[in-house]
Protein chains: 2
Amino acid sequence: MATVTTRKKGTVRLPQEQRVSDIMAAARQVISEKGYENTLMSEIAERAGVVEGTLYRYFDSKRDLMTKVADAWFEEVLESDTELPRIQGTRERLRYLIWRALMSIRRQPAMSRFMLLEVRQNPDYRHTRSFELNKRMTAEISLLCGQAIERGEFRRDVSVPILRDLIFGCIEHRTWSFLRGEGDFDIDEVADGIANVIYRGMAAVDRASKSEIENVVERLEKVAEKLEERAGGKR
Amino acid sequence: MATVTTRKKGTVRLPQEQRVSDIMAAARQVISEKGYENTLMSEIAERAGVVEGTLYRYFDSKRDLMTKVADAWFEEVLESDTELPRIQGTRERLRYLIWRALMSIRRQPAMSRFMLLEVRQNPDYRHTRSFELNKRMTAEISLLCGQAIERGEFRRDVSVPILRDLIFGCIEHRTWSFLRGEGDFDIDEVADGIANVIYRGMAAVDRASKSEIENVVERLEKVAEKLEERAGGKR
DNA sequence: GATTTTAATGAATTCGCCTCATTATCAATC
DNA sequence: GATTGATAATGAGGCGAATTCATTAAAATC
C-alpha cells in the first residue's frame, strides 16, 4: 500500500511565469509540427524540460493548454500590425485586410491550420480569446463596409454580413487549398482578385458610367446647337 | 496464463454487407449526436448490436470508420439531387448550387459540422472519397463560371479559382456562424445575396446599361434629324 | 455427418490524459 | 547559517478508450 515516491534531487524551481512561457513555447512547437490530435502531452513536457504532471500545475487540460497557445499566437499576429491605421481609402483598406490575413497564413501555415481547424473543435470555442479576436477581425471588415455604404460608396442593397462572409470565407477557402498543398498562390494577386470581384462584380453586361453618357449627350448637344445656329442664320 | 475465453452461444452471423451497413448506420447516428471526438467505439458497437472487437473486423480504426461514414453521406447528398440538370441559365444554376449547399447544411447540421470540421482533420483527407466529391462540387461551379466567361456573360479578367473560393468560402463561413448558433439565416436570402454581389459587385458608381445610352443617343439623333430637315427646307 | 472456413467474441493490452501523495527547493525568519 | 513554512516539481499510478488476438461457435462445403 505504502507508495514509495522517490524524487530526483537537483530539480530547479523557476519563477512561474518562466515555466509557463517555456511550456507554451514547447507546446507551440509540437503543435505546429504535428497538429492537435497527434500532439502528446508527454512530448510537450519533454521539450519544456519538465515532467508530464507539471503541465497540469499550470494548465487544466490538454485542451486548455492548446487554447492558450492559440490565443497567444493570434494576439501576437494582430498586435504586430502597425500598418492598418495608416492606410486610407476603402478599397485600399479592404485590400490590406485581405492581404494581412493571407500573409499570416503564408508565414505560419502550421499554426494557421491549427487555428482554422483544430481550435474550433473546442466545445466552448465561443468563450475563448481566439474567438473574440476573430470576431474583432471580421468586425473591422464589417465596419469598413458599413461606412462605405453610409458614404454611398457601396450599394445600399447589399447585406454587410454576406459581404463579410464572402471576404473571410474566400480567404479561408483559399487557405485550405494551400495548406493541403494543392498549389501555391500569390498573395497580391489573390487580394486584388477578391477586391476586384467585390467591387465590380462578375457580370459582363456592357456598362458605361454616368459621366460617359454625359459626355455623349454633350457632344450631341453641341451638334444640335450648331445645326440650330445654321438653321437660325438661314432664316 | 491460460486465458479462459468464454463465448456466448446463439450469436448470429449476418452476411457481411448487412453487418457493415448496420455498423455504419449506428456510427452515423452517434456521430451526428456527439461529433467525432465524443463518439465512442463502444457506443457504436452497442447500437449496432455487436461487440467492440467486431468493429475492427470491418474497419481498420475509428478514423477509418468515420471516413467511410462521411463518404457515404456525402455521396447520398449529391446523388439525391435530380434538380440541377433541369435548371437553365447561368445565374439560376449558380443560385441553385449555392442554395443546395445551404439546404443540406440546414437539414443536417450535425453531419455538416462533421464533414466540415472533423473529417478534414484526417491526415490523409486528400485521399478520401469525400475530398473527391468535394472537389467535384467545386468543379461544378468552376465549370459554370468558365463557360459563362467563354460566352462573354462574365468578365474575362476575373480568375475562376478566386470566384470559386468566394462562393464556397462564403457558404462555409455562413455555415460556421449557424453551427455555432450565432443566429439563423434564410437560405433564399443568402443565396440571392451571394449571387447578387457576385454578379453586380459592390461599388455604387452610378451606371447605365448600353441600351440606356442607345436610347438617349437615338432620341438626340431624332432631334438632330429634325433640325437638319428644317435647315434643309429653309435652304 | 464430418470437415473447413470464418464471423464474432471478450479478455487483455496499449496508449495517452490526468491525479495525487510525496518530496526537494527556495525564501523568509530568526 | 540554521529553521521553518510554503509550494513547485516529481513520478507512480488510475482511468478511459482504442485496438489486438487467441478462442469459439455458426455457417458453408463436401
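Protein chains get the first letters and strands the later ones, always in sequence-line order, with residue 1 at the start of each.
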Item to check | Phosphate-side-chain proximity, B:R19 and C:dA8, N/O vs OP1/OP2 below 4.0 Å | outcome: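 B:R19 to C:dA8 OP1/OP2: side-chain N or O found under 4.0 Å.
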Checklist entry - Taking only N and O in the side chain of B:R57, is any of them less than 4.0 Å away from OP1 or OP2 of C:dA8? => result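 Indeed not, no polar side-chain atom of B:R57 lies that close.
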Grab the [atom1]-[atom2] distance between [X] and [N] for me, whole Å please.
X: B:E46; N: C:dT9; atom1: CD; atom2: C1'; result: 16 Å
X: A:D64; N: C:dC18; atom1: CG; atom2: P; result: 10 Å
X: B:L55; N: C:dG10; atom1: CG; atom2: C1'; result: 13 Å
X: A:I44; N: C:dG16; atom1: CD1; atom2: P; result: 13 Å
X: B:F59; N: C:dA7; atom1: CZ; atom2: P; result: 14 Å

Once side-chain hydrogen bond (donor to acceptor under 3.5 Å, both in side chains) is applied, do any residues pair with [X], and if so which ones, sequence neighbours excluded?
X: A:D186; value: none
X: A:K62; value: none
X: B:D157; value: B:R155

Check: [X] side chain, [Y] main-chain N or O, donor-acceptor pair, under 3.5 Å:
X: A:Y96; Y: A:I87; answer: no
X: B:R95; Y: B:A191; answer: no
X: A:R106; Y: A:F185; answer: yes

Might you list the N or O atoms of the protein lying below 3.5 Å from N or O atoms in nucleotides 19-21 of chain D, with each pair's distance?
| from | atom 1 | to | atom 2 | distance (Å) |
| --- | --- | --- | --- | --- |
| D:dT19 | OP2 | B:Y56 | OH | 2.9 |
| D:dT19 | OP2 | B:K62 | N | 2.7 |

Item to check | From CA spacing to verdict: salt bridge (Lys or Arg N to Asp or Glu O under 4.0 Å), B:R120, B:E172 | outcome: CA-CA 13 Å; B:R120 291 184 179 170; B:E172 286 185 15; 3.0 Å; yes
Next on the checklist: At 4.0 Å (heavy atoms only), tell me whether B:Y58 reaches a base, stays on the sugar-phosphate, or touches nothing.
Outcome noted: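 Here B:Y58 touches the backbone only, sparing every base.
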Checklist entry - Is it true that A:E132 and A:K135 have a side-chain N and a carboxylate O under 4.0 angstrom from each other? => result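 Not counted as a salt bridge, because no side-chain N and carboxylate O are separated by less than 4.0 Å.
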Checklist entry - Are any of the side-chain nitrogens in B:E140 or B:R136 under 4.0 Å away from the carboxylate oxygens of its partner? => result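 B:R136 and B:E140: not salt-bridged.
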Under-3.5 Å N/O pairs linking protein and nucleotides 14-16 of chain D:
none

Item to check | Heavy-atom check, side chain of A:E75 versus side chain of A:L133, under 4.5 Å | outcome: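 They are in contact (side-chain heavy atoms under 4.5 Å apart), so the answer is yes.
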Checklist entry - Where does DNA chain D pair, written as one dot-bracket string 5' to 3', with Watson-Crick or G-U pairs under 3.5 Å, ( ) inside the strand, [ ] for crossing pairs and | for another strand? => result ||||||||||||||||||||||||||||||
Checklist entry - Regarding A:Y36 and A:N122, is there a side-chain donor-to-acceptor distance under 3.5 Å anywhere? => result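 Result is no, nothing qualifies.
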